[in-house]
Amino acid sequence: MNDRTLSRPEKWILTGIPVLFAIGSGIHSLYRLLHENFLVGLFAPVNESIWEHSKMVILPVILWWLLYEKIHGRQYDIERKRWYAGALTALLVSLAAMPAIYYFYTSAFGAELLWVDILILLAALSLGQLLGFHIYRRSGGLPPGLVIAAFAAILFLFALFTVAPPHLPLFQDSMTGGYGIPGAG
């Protein structure tokens with residue numbers, strides 16, 4: 001891929017990989033840093049479950065794509081349907097990749113290592129952004145309203161399952177054995 005062939009929006013998508021990794025990493029401890037604020041806990045990890053760690057992807061990816069389109073959409077003549085399809089793809093792929101990679105490596109190697117967990121966030125975001133880029137370039141797109149509704153549903157589900165999580169391994173805190181916000185349920 002030649003850098004000269006990339007449009008500004010395409011460069012933005014790819015620039016998102018390291019930036020979203022940094023932002024997502026920062027979100028990891030936000031709940032504790034803000035004195036376990038309930039509202040923050042709806043959007044930032046409240047425990048060490050893989051479900052809660054997936055929150056490090058959600059808001060950064062959604063905002064990365066939506067804000068750029070709102071600020072620069074007309075300036076760079078972004079095709080909205082394709083952009084929104086790329087955004088949804090980036091989010092869904094990142095969200096699916098995190099538990100898939102985590103469970104593969106912990107099952108295959110019988111180990112859980114902090115540095116690997118950190119790399120999983122980078123790998124998940126990279127896969128999401130790269131596939132979002134591909135969809136933006138090649139797809140026919142999706143109606144923006146549909147994508148916004150999907151984003152809202154995903155945010156709602158993550159908030160709901162933080163307060164009332166199913167008692168399944170995906171939702172279980174690997175450190176305490178608890179689920180969701182401590183004391184919320």
Side-chain angles (χ1 to χ4, degrees), residues 1-31 33 40 43-45 50-106 108 113-158:
M1 187 178 328
N2 184 339
D3 186 47
R4 293 181 201 159
T5 64
L6 297 177
S7 67
R8 285 205 189 255
E10 291 169 337
K11 288 178 185 176
W12 179 258
I13 295 168
L14 299 178
T15 301
I17 295 170
V19 175
L20 291 170
F21 175 68
I23 294 168
S25 297
I27 288 174
H28 181 269
S29 299
L30 199 58
Y31 177 69
L33 287 172
V40 172
F43 304 102
I50 195 68
W51 177 263
E52 288 295 318
H53 276 73
S54 295
K55 290 179 182 178
M56 295 187 296
V57 168
I58 297 172
L59 276 180
V61 170
I62 290 172
L63 293 175
W64 186 259
W65 285 78
L66 293 185
L67 289 176
Y68 189 82
E69 191 274 330
K70 290 297 176 208
I71 294 168
H72 297 292
R74 290 180 192 214
Q75 178 183 4
Y76 297 123
D77 198 28
I78 292 174
E79 208 303 305
R80 292 184 78 225
K81 286 184 176 184
R82 290 188 4 238
W83 185 262
Y84 278 81
L88 184 59
T89 299
L91 180 61
L92 293 177
V93 168
S94 295
L95 286 174
M98 280 190 72
I101 297 168
Y102 173 80
Y103 285 122
F104 169 77
Y105 109 82
T106 56
L113 304 166
L114 178 60
W115 66 271
V116 176
D117 293 345
I118 293 167
L119 288 178
I120 288 172
L121 175 61
L122 179 60
L125 287 166
S126 297
L127 286 170
Q129 290 297 104
L130 291 171
L131 285 171
F133 174 90
H134 177 76
I135 294 299
Y136 173 65
R137 270 194 161 185
R138 307 265 187 247
S139 80
L142 291 171
L146 176 70
V147 174
I148 297 296
F151 287 161
I154 290 166
L155 288 167
F156 174 78
L157 283 175
F158 269 83

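Heavy-atom basis, side chains included; hydrogens, waters and symmetry copies ignored. Quick caveat, the model's predicted, so the values are computed rather than measured.
- Side-chain contact between Ile27 and Val57 is absent, with no heavy atoms from C-beta onward closer than 4.5 Å.
- The side chain to side chain donor-acceptor pair (under 3.5 Å) check on Tyr76 picks up Arg8, with sequence neighbours excluded.
- In this structure, Trp65 has its ring center at least 6.0 angstrom away from the ring center of Tyr84.
- In this structure, CD1 in Ile13 is found 7.0 Å from OG in Ser7, a value given to the nearest 0.5 Å.
- For residues 66-88, the set of pairs meeting the salt bridge (Lys or Arg N to Asp or Glu O under 4.0 Å) definition, not counting sequence neighbours, comprises Glu69-Arg80.
- Residue pairs satisfying the salt bridge (Lys or Arg N to Asp or Glu O under 4.0 Å) criterion with at least one member in residues 88-97, sequence neighbours excluded, are absent.
- Judged purely by atom type and a 3.5 angstrom limit, Tyr105 uses its side chain to pair as donor or acceptor with the backbone of Leu113.
- To the nearest 0.5 Å, the span separating OG1 on Thr106 from CZ on Phe104 amounts to 10.0 Å.
- A donor-acceptor pair under 3.5 Å is absent between the side-chain atoms of Trp51 and the main chain of Pro99, judged by distance alone.
- The nearest pair of heavy atoms linking Ala123 to Ile101 is CB-CD1, 4.0 Å.
- Every residue two or more places apart in sequence or in another chain that forms a side chain to side chain donor-acceptor pair (under 3.5 Å) with His72 is listed here: Gln75.
- Partners of Leu119 by side chain to side chain contact (heavy atoms under 4.5 Å, CB included), not counting sequence neighbours, listed by chain and number: Trp115, Leu122.
- For His28, the side chain to side chain contact (heavy atoms under 4.5 Å, CB included) partners at least two apart in sequence or on another chain are Glu48, His53, Met56.
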Cut-off 3.5 Å, no hydrogens considered: what does the side-chain donor-acceptor table look like for residues 15-23, sequence neighbours left out?
{"unit_1": "Thr15", "atom_1": "OG1", "unit_2": "Lys11", "atom_2": "O", "d": "2.7"}

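- The ring pair (Phe, Tyr, Trp, His ring centres under 6.0 Å) contacts involving residues 135-156 comprise Trp83-Tyr136, where partners must be two or more places apart or lie in separate chains.
- Evaluation of the side chain to side chain contact (heavy atoms under 4.5 Å, CB included) rule for Leu33 yields Ser29 as partners, not counting sequence neighbours.
- Across Leu121, Leu127, Leu125, a single residue satisfies side-chain contact (heavy atoms from CB on, under 4.5 Å) together with Met98, and that is Leu121.
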For residues 87-94, which side-chain N or O atoms pair as donor and acceptor with protein atoms under 3.5 Å away, sequence neighbours left out?
{"unit_1": "Thr89", "atom_1": "OG1", "unit_2": "Ala85", "atom_2": "O", "d": "2.8"}
{"unit_1": "Ser94", "atom_1": "OG", "unit_2": "Ala90", "atom_2": "O", "d": "2.9"}
{"unit_1": "Ser94", "atom_1": "OG", "unit_2": "Ala124", "atom_2": "O", "d": "3.0"}

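- Note: Leu59 CG to Leu30 CG = 10.0 Å, rounded to the nearest 0.5 Å.
- Here Ile154 contributes atom CD1 and Phe158 contributes atom CZ; the two are 7.5 Å apart, rounded to the nearest 0.5 Å.
- For Tyr102, the side chain to side chain donor-acceptor pair (under 3.5 Å) partners at least two apart in sequence or on another chain are Glu112.
- Listed by chain and residue number, Lys55, Thr162 satisfy the side chain to side chain donor-acceptor pair (under 3.5 Å) test with Glu52 (two or more places apart in sequence, or in another chain).
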